[in-house]
Amino acid sequence: MIRLIRPYISFDEVEADMRRMFDSGIFTRGVNVEAFRADIAAYTGAPHAFLATSATTALWLCLKRLNIGPGDEVVVSDFSFPATANVVEDLGARPVFADVSLDTYNMLPEALEAAISPRTRAVIAVDVFGNPTGMGLIAEICRARRLPLIEDAACAIGSSEGGKRCGVIADMTCFSFHPRKLLTTGEGGAITIHNPDWVEWFNRKLSHGAQGMLGYGLDFVDFGYNFRLSEPQAIMGRVQLRKLDAIVAERNQVRKAYIERLAPAGFVPQQIGADVVFNVQSLVFRVPERVDRDQLIAQLREDGIESTIGTYCMSATTYFRARYDNVQPNSEHLQRTTITLPCYEGVDIQFVCDSILQKSNF
Ligand SMILES: *Cc1c(COP(=O)(O)O)cnc(C)c1O
């Protein structure tokens with residue numbers, strides 16, 4: 001089976017640090033966590049970084065920081081994994097779905113403008129499949145409207161727009177380290193922020209509301225949660241972050257080779273801006289009109305090739321459709337017509353593309 005993804009980490013790479021960790025007996029709140037946190041700040045260029053258990057808990061906590069609750073609205077990119085809207089829903093606020101570009105798959109500026117109401121308290125814009133194209137413009141609109149912008153960069157570690165890495169474009173940025181992303185710690189996430197006044201708040205809330213050192217001197221100055229990443233996870237993360245730029249370059253080569261073969265047959269790749277570095281978390285195409293996407297996925301499976309849909313039209317999920325009845329057309333179209341293809345160095349591109357072209361009668 002040709003798999004969709006391959007993890008960029010091996011046991012050999014973490015063995016020495018893992019052994020040191022076991023010898024020390026420190027599995028949480030140790031040197032690796034602090035180092036990984038500093039690495040994330042240094043890599044993204046963000047002044048402040050925090051580690052978390054997932055992008056979902058990270059997004060949820062950012063909304064908490066903004067005191068989002070009942071009666072509030074948060075504009076969200078509609079073409080995304082449902083976690084993006086679930087966190088809004090969980091806090092009793094209303095996710096207002098903004099439609100996306102059929103080319104970049106990201107939030108349309110005009111859809112954002114149209115979705116803003118007197119109740120709007122924040123915006124969550126997604127770097128779909130790691131693509132930050134247009135995020136700078138969304139950030140400008142949010143600044144002009146005095147709306148805080150949370151970037152759901154769950155897929156986007158390693159990407160940048162206009163020389164700004166994901167992590168420094170929005171007011172708050174959330175990353176995921178789930179195995180389906182480029183950098184994985186099993187589960188895990190991170191938050192970057194600009195505002196120095198929020199640093200202590202995030203430190204406290206991520207760790208039971210505590211301030212100070214463990215043991216003597218620890219004081220619970222607030223209530224909080226435990227959304228901490230652990231030492232083994234930090235070891236895994238650090239190893240991959242060092243290689244990330246090389247991985248991104250490699251994936252762009254693979255993307256280019258796919259586009260050369262598939263574009264002439266009418267497969268349209270996700271578009272990126274000229275000033276964008278795209279990490280290619282997922283390699284996604286819109287299939288030509290003559291092709292039944294679901295059938296193509298099934299046929300590729302017969303050839304031993306794993307593929308999948310793009311992602312979800314959140315406004316069309318059973319839950320959100322029943323609750324808000326506000327399906328966004330472009331997002332719905334993308335849910336029906338996009339396909340994700342195997343992407344990593346060494347994948348047999350010729351074989352996959354030959355199979356696709358044959359199955360789609362080209
Ligand atoms: C994967 C993903 C999430 C959820 O990330 P977790 O770390 O699994 O919580 C949220 N938003 C988007 C856009 C994602 O792709």
Side-chain angles (χ1 to χ4, degrees), residues 4-5 7 36 40 49-64 74-91 95 97-101 104-107 122-135 138 149-159 166-167 169-170 172-192 206 225-230 233-234 236-237 240-241 251 270 278-284 308-315 317 319-320 328 331 334-335 338 340 343:
L4 211 48
I5 46 156
F36 186 37
I40 293 284
F50 311 89
L51 303 177
T53 47
S54 69
T56 305
T57 50
L59 287 164
W60 185 90
L61 196 62
C62 288
L63 291 174
K64 284 294 265 193
V74 177
V75 180
V76 299
S77 301
D78 191 40
F79 189 53
S80 186
F81 191 73
T84 309
N86 286 346
V87 289
V88 179
E89 188 74 11
D90 179 71
L91 291 169
F97 301 106
D99 210 357
V100 298
S101 158
T104 66
Y105 311 165
N106 287 347
M107 185 186 280
V123 175
I124 304 179
V126 180
D127 302 300
V128 180
F129 308 130
N131 177 15
T133 302
M135 194 56 76
I138 296 291
L149 173 63
I150 302 171
E151 185 175 344
D152 181 345
C155 300
I157 190 92
S159 295
C166 292
I169 302 168
M172 299 187 254
T173 306
C174 298
F175 299 98
S176 171
F177 305 135
H178 181 274
R180 190 60 187 74
K181 320 297 182 185
L182 268 200
L183 186 162
T184 185
T185 59
E187 301 283 358
I191 304 165
T192 59
L206 286 160
Y225 321 96
N226 177 357
F227 293 157
R228 295 189 305 257
L229 203 75
S230 66
Q233 292 173 302
M236 290 176 67
Q240 294 163 88
L241 195 58
R251 296 180 69 83
Q270 181 182 18
F278 177 32
N279 71 356
V280 201
Q281 179 266 339
S282 285
L283 178 61
V284 178
T308 187
I309 65 164
T311 190
Y312 299 90
C313 172
M314 294 193 298
S315 59
T317 63
Y319 178 81
F320 285 121
Q328 301 298 307
S331 170
L334 289 172
Q335 171 172 281
T338 48
T340 308
C343 181

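Counting starts at 1 for both ligands and their atoms, in listed order.
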>> Ring centroids only, cut at 6.0 angstrom: are Phe36 and Phe177 within range, meaning strictly under it?
In response: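 Close enough - the centres of the two rings lie under 6.0 Å apart.
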N/O contact list for ligand 1, threshold under 3.5 Å:
residue: ligand 1; atom: 5 (O); partner: Ser176; partner atom: OG; Å: 3.4
residue: ligand 1; atom: 7 (O); partner: Ala55; partner atom: N; Å: 2.9
residue: ligand 1; atom: 7 (O); partner: Ser176; partner atom: OG; Å: 2.6
residue: ligand 1; atom: 9 (O); partner: Ala55; partner atom: N; Å: 3.4
residue: ligand 1; atom: 9 (O); partner: Thr56; partner atom: N; Å: 3.0
residue: ligand 1; atom: 9 (O); partner: Thr56; partner atom: OG1; Å: 2.5
residue: ligand 1; atom: 11 (N); partner: Asp152; partner atom: OD1; Å: 3.3
residue: ligand 1; atom: 11 (N); partner: Asp152; partner atom: OD2; Å: 2.8
residue: ligand 1; atom: 15 (O); partner: Lys181; partner atom: NZ; Å: 2.6

> Atom CG in Leu334, atom CZ in Phe79: separation rounded to 0.5 Å?
Replying inline: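 Reported to 0.5 Å precision, the distance equals 4.5 Å.
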>> Return the OG1 to CD1 distance between Thr184 and Ile5, rounded to the nearest 0.5 Å.
In response: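 CD1 of Ile5 is found 8.0 Å from OG1 of Thr184.
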> Between Ser315 and Asp78, do the side chains contain an N or O donor and an N or O acceptor separated by less than 3.5 Å?
Replying inline: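 The answer is yes; a qualifying pair exists.
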>> Please determine whether side-chain contact (heavy atoms from CB on, under 4.5 Å) holds for the pair Leu63 and Val88, giving the CA-CA distance in whole Å, both sets of side-chain angles, and the decisive distance to 0.1 Å.
In response: CA-CA 7 Å; Leu63 291 174; Val88 179; 3.8 Å; yes
>> If you define the side chain from C-beta out and look only at heavy atoms, does anything of Cys166 sit under 4.5 Å from Phe175?
In response: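 Yes - at least one pair of side-chain heavy atoms lies under 4.5 Å apart.
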